[in-house]
Every structure is written in C-alpha cells, then in structure tokens.
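Note that this is a predicted model, so its numbers are computed, not measured. Quick note: numbers below take in every heavy atom, side chains included, and nothing from hydrogens, waters or symmetry partners.
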Amino acid sequence: MSAGEVTRAGRREWSGLALLALPTVLLGLDVTALYLVVPNLTTELNPTATETLWIMDAYGFFIAGFLITMGTLGDRIGRRRLLMIGVAAFGAASLFAAFAPSALWLIVARALLGVAAATMMPSTLSLISNMFTDARQRGLAIGVWATMFAIGMAAGPVVGGVLVASHWWGAVFLAAVPVAVVVLAGAPVLLPEYKTRAGRLDLPSVGLSLAAMLPIVYAIKHASVYGIDMQAWVATLLGASSAVAFVRRQLRLTQPLLDMELFTNRAFSAALTILLIGLIGFGGVMFLVTQYLQLVEGLSPTKAGLWMGPPALAMLIGAIGAPLVARRVPPGNVMAATLALSVSGYVLLALAGTESKLSVVGGFAVVYLALGVIAALGTDIVVGTAPSERSGSAAALSETVQELGIAAGVTVLGSLTTAYYRNKIEAPPGLSPSAAEAYGDSLSEAASIANQLPTAALESARAAFTSGLNTAATIAGIAIAAAALLCFTTLRHIRPLADADTEVADTLDSQVRL
C-alpha cells in the first residue's frame with residue numbers, strides 16, 4: 001500500500017455513492033415488490049401453484065447462486081465494468097419481465113434478473129470500499145449502502161401496490177429502466193475503475209460453486225413450503241458434497257475463485273457468522289410480522305406496509321448512526337450492545353397477543369435497528385479486513401451470507417410457527433374435508449375460507465398462529481443473545497474507526513520515511 005492510497009473522499013466520491021444508491025435501492029425493491037402484484041399477475045398469466053412459487057423465488061435463487069462468481073469476476077475484469085454490464089442486463093431483463101407473455105417466460109426473466117443482480121450487488125459494495133479508503137468515511141458509506149437496500153425492501157410492497165393499481169402488473173418491472181439509464185450515463189463520470197486481479201476464471205470452480213449454492217438455496221426454499229422432506233435432504237446432500245469439492249479445489253489452485261485464506265482472519269469469519277445469525281432472526285421475524293399484521297390484525301397489504309415504516313426508520317437510524325458511534329467506540333462493542341438491545345424486541349414479540357399491533361411493530365423496530373447496525377458495521381469489517389485486491393470476493397461472501405440468512409430465517413422460523421399451529425389447532429365440527437384440511441394447514445389457508453368458519457374458530461386460528469410467533473421469537477432471541485456474546489468476545493479488539501485511520505496513517509508515514 002502506498003501513501004497515496006488512504007485519502008479522504010471528496011465531492012466526486014460522494015456523488016458516486018449517490019449514483020450507487022440507485023441500483024442498490026432497485027435491488028432491494030425487486031426482492032419484495034411482487035408481494036402485492038401476484039394476485040393481478042396470476043389473473044392474467046394463470047400460472048400453476050408451482051410456477052407462482054418460481055416467479056417469486058427465481059430472483060433470489062439465482063442471486064445467491066452467482067454472487068461468489070460475480071464478485072471474483074469483478075476483481076478480474078473491473079468492478080465498474082461489471083457493474084455497467086449488470087445494470088444494462090438488469091434493465092433489459094426488466095423489459096422482458098414486464099411484457100412476458102406467459103408464466104414460463106416470466107420465470108425465465110426473473111432468473112435473468114437474479115443473475116444480473118448478482119453482478120451488481122458485489123460491484124456496488126466493492127466500489128464503495130475502494131472509493132472510501134478513510135475508515136470513518138467508508139463505515140458511513142457502507143451504512144448508506146445498507147440503508148438503501150433495506151429502504152428498497154421496505155418500499156417494495158407499497159410501490160408494487162401503487163403501480164399495479166394505476167397501471168398493470170408489468171409496470172413494477174419498468175421502474176428499473178430509467179434507473180439503468182441514469183447509472184449507465186453517470187458511471188463513467190463518477191465511478192473510477194478498479195481491476196486488481198489477473199487471469200481467467202476457473203470454470204470448474206464456477207460449476208462447483210453453482211452446484212453447491214443452488215441446491216442448498218433450493219432446499220431452504222423447498223422446506224419453507226413443503227417441510228423437510230426427502231427432496232430437501234437430497235438437495236442439501238448434493239449442495240454440501242459440492243461445497244466440500246469446491247473448497248478442496250480452491251485450496252489447490254494458485255488463482256482460486258474464492259481465496260480460502262480470507263477465513264483465517266478471525267474478525268472476518270466472526271463478522272460473517274454474526275451477520276448470518278442476525279439475518280436468520282430478522283428474515284424469519286419479518287416474514288411472521290407481515291403475516292401477523294395482515295392475517296391476525298386484519299390490515300390490508302398496503303396498510304401493513306405502512307405500519308412497517310417505523311421499523312424501516314429505526315433501521316435507517318442504526319445503519320447511519322452506527323458508523324458515527326464507531327468512530328469513538330469499538331465497532332464490535334457497538335454491534336454487541338445493539339444485538340443485546342434487540343433481544344428486548346424479541347421479548348416483545350414473544351409476549352404479543354392477538355391484539356398487540358403496537359408491541360409487535362415496536363418489537364420489530366428494535367430488531368430492525370440492530371439489523372441496521374450489524375449490516376453496516378459487520379459488512380464494513382468483512383470488506384475492511386480483506387485485502388483490497390479481494391474486496392469483490394469479500395463483498396460477495398458478505399451478501400451471500402445475508403441472502404442465505406434471510407432465506408433460512410423464513411424457512412426455520414416460518415416452519416416452526418406452522419408446526420406449532422398445526423399441532424395446536426383442531427378443526428371445528430361440520431366443515432367439509434377440504435375446508436377442515438385448509439383450516440388445519442395454516443392461518444393463511446384458514447383466512448381463505450373465513451366465510452365458512454365460526455367466529456370462534458377463526459379467532460382460535462389467529463391465537464394459534466400468534467402462539468407460534470411467540471415461540472419462534474423466543475428461540476430467535478436466544479440465538480441473538482448468543483450472537484451478541486460472540487460479537488463481544490471475538491470483535492472487541494477492533495479499534496474505533498478514528499483510531500484505525502490514525503494507525504494506518506502512521507504506518508504509511510513510516511513506510512514513506514523508510
């Protein structure tokens with residue numbers, strides 16, 4: 001590292017961050033925007049139940065599968081170049097999705113969107129790490145990045161509902177086109193190029209990474225709908241064996257797709273683990289809270305989305321405020337303290353009843369606050385501890401862990417709540433066999449036949465779901481308390497960001513004098 005490499009960012013870098021915020025919001029938006037669009041979409045395209053699931057899941061499925069490959073590819077061909085390729089592909093795939101003539105073509109378009117998104121996500125984060133070499137500024141910039149993605153996720157259902165109400169379901173995808181045009185026009189002016197690694201991609205490693213990630217993600221998503229059956233076990237076994245083969249190959253290669261030496265850094269591995277645990281808790285709780293607001297409290301999807309506004313604001317405060325606090329307080333301590341605080345949010349969820357809207361939203365706001373903190377500081381630790389020439393790979397690993405965490409959270413906590421519901425519920429007499437089966441399956445199914453149910457039976461179903469939410473929140477809270485302890489014991493040695501900058505500057509000055 002030369003003395004000129006650590007400098008404070010200026011107007012161009014901050015303007016570049018504003019430009020990078022656009023695709024980041026867009027990526028978050030596409031994760032959740034279809035939630036309110038599916039009813040209109042199914043009316044026009046008439047997909048089967050399986051096709052509907054793939055329309056929803058193909059995007060995240062292919063993001064998770066291609067993140068590691070695309071992160072490393074950006075290190076080789078240039079991060080700005082890969083971002084522009086990804087943005088152009090995302091815009092084109094969005095047009096394809098908006099005018100898809102059938103459910104099958106829409107699934108293909110969603111898969112292409114996922115691949116394009118996988119090129120954009122590590123590119124935006126690794127560019128930020130290169131543009132902001134000052135530790136304090138980098139921490140704040142990554143906080144902004146994390147906030148933009150979360151804002152996109154939070155706004156997705158509301159934006160989707162507004163667009164489909166005033167236009168048609170395809171309008172949701174067209175929102176990406178003007179964003180793509182702006183980013184492609186501004187990137188050559190505001191974003192510098194970084195290309196730090198030579199050589200070609202090892203194609204067998206790419207194949208093994210896909211063979212590891214795709215079956216595991218499929219198993220998680222399959223289990224969230226059908227439970228842990230033989231198909232889920234087979235997919236998990238295939239993914240795990242491919243992962244072992246992938247790791248072994250990386251250890252033998254001189255230019256691996258993923259440098260396994262990154263994991264020898266204790267802070268790097270600990271931060272990834274904490275992100276995974278935190279995202280599992282958040283992903284599962286977000287899934288259950290949105291169901292609670294609509295199915296237990298009876299809110300419309302739009303009103304439920306608006307009630308998620310205060311938690312989104314809490315996340316914004318956490319993501320922006322944490323890097324500022326970490327300038328004076330060790331970031332590991334900041335993360336540990338907010339994770340410990342978030343346990344109180346899980347306690348509120350564990351104590352909620354069927355008429356506890358304020359406490360449920362308040363508890364989730366505390367959980368969301370902690371997510372903002374660990375997303376900003378944890379990601380900064382992961383990217384900051386990796387050598388600059390591997391920041392693309394480090395960014396891809398961070399985002400892969402977060403994708404897996406959210407998917408696993410929905411599966412684990414969602415399946416736990418469903419199992420609790422099925423064990424506790426008992427169909428009232430007089431229902432037809434199909435209605436009794438729907439009533440005993442889930443609260444959403446029970447709500448779909450509400451006109452066939454006595455009022456007391458529907459209230460019992462809501463109470464059973466809420467009890468399942470209480471149990472899931474209790475287990476998640478215990479896991480988060482363990483993550484807080486892990487955070488304090490493994491990351492407390494990391495110095496405050498202000499001290500880190502001073503240490504780097506002193507080291508560089510001494511190198512210059514030598």
Side-chain angles (χ1 to χ4, degrees), residues 139 142-143 146-147 150 263 265-289 311 314-352 359-360 362-385 397-398 401-402 404-406 408-410 412-413 416 469-497:
I142 289 179
T147 300
F263 293 96
N265 186 302
R266 186 185 181 194
F268 179 91
S269 298
L272 282 178
T273 302
I274 291 161
L275 280 172
L276 178 63
I277 297 173
L279 267 294
I280 288 175
F282 164 76
V285 166
M286 180 179 68
F287 174 70
L288 295 175
V289 167
M315 195 274 182
L316 173 65
I317 294 171
I320 298 298
L324 300 177
V325 176
R327 293 181 177 184
R328 299 299 176 189
V329 180
N333 292 352
V334 178
M335 293 171 63
T338 50
L339 283 171
L341 175 64
S342 74
V343 174
S344 65
Y346 289 99
V347 170
L348 286 174
L349 293 169
L351 298 176
S359 63
V360 166
F364 185 59
V366 180
V367 172
Y368 221 169
L369 172 71
L371 174 69
V373 173
I374 66 170
L377 297 183
T379 302
D380 184 48
I381 290 172
V382 169
V383 176
T385 55
L397 275 173
S398 172
V401 162
Q402 293 181 55
L404 288 176
I406 292 176
V410 171
V412 173
L413 298 187
L416 178 63
L469 167 63
N470 299 153
T471 303
T474 299
I475 293 174
I478 294 172
I480 293 299
L485 180 61
L486 173 66
C487 187
F488 180 73
T489 55
T490 59
L491 300 180
R492 62 181 179 179
H493 68 282
I494 298 178
R495 302 180 67 177
L497 299 183

Could you walk me through whether Asn470 and Leu351 pass the side chain to side chain contact (heavy atoms under 4.5 Å, CB included) test, one step at a time? CA-CA 6 Å; Asn470 299 153; Leu351 298 176; over 6 Å; no

Is any side-chain heavy atom of Val285 closer than 4.5 Å to one of Tyr346? yes

What are the two closest heavy atoms between Gly278 and Ile374, and how far apart are they? CA-CD1, 3.9 Å

Solution key, residues 329-341 side-chain donor-acceptor pairs under 3.5 Å, sequence neighbours excluded:
unit_1, atom_1, unit_2, atom_2, d
Thr338, OG1, Val334, O, 2.9
Thr338, OG1, Met335, O, 3.1

Heavy-atom pair with the smallest gap, counting every atom of Val366 and Ser342: CG1-CA, 3.6 Å

Which atom pairs, donor and acceptor, lie under 3.5 Å between side-chain atoms of residues 483-490 and protein residues at least two apart or in another chain?
unit_1, atom_1, unit_2, atom_2, d
Thr489, OG1, Leu485, O, 3.0
Thr489, OG1, Leu486, O, 3.1
Thr490, OG1, Leu486, O, 2.6

Determine the minimum heavy-atom distance between Ala473 and Ala350, stating which atoms define it. CB-N, 3.8 Å

Do Leu348 and Val360 touch side chain to side chain, with heavy atoms closer than 4.5 Å? no

Shortest non-hydrogen pair, Gly281 vs Ala476, comes out as CA-CB, 4.5 Å

Sequence neighbours excluded, the answer for ring-ring contact (aromatic ring centres under 6.0 Å, His included) partners of Phe282 is Phe364, Tyr368

Could you grab the distance from atom CD1 of Ile142 to atom CD1 of Ile381, nearest 0.5 Å is fine? 10.0 Å

CG (Leu369) and CG (Leu316) are apart, to the nearest 0.5 Å, by 10.5 Å

Name the one of Thr273, Ile274, Leu275, Leu279 that satisfies side chain to side chain contact (heavy atoms under 4.5 Å, CB included) with Val401? Leu275

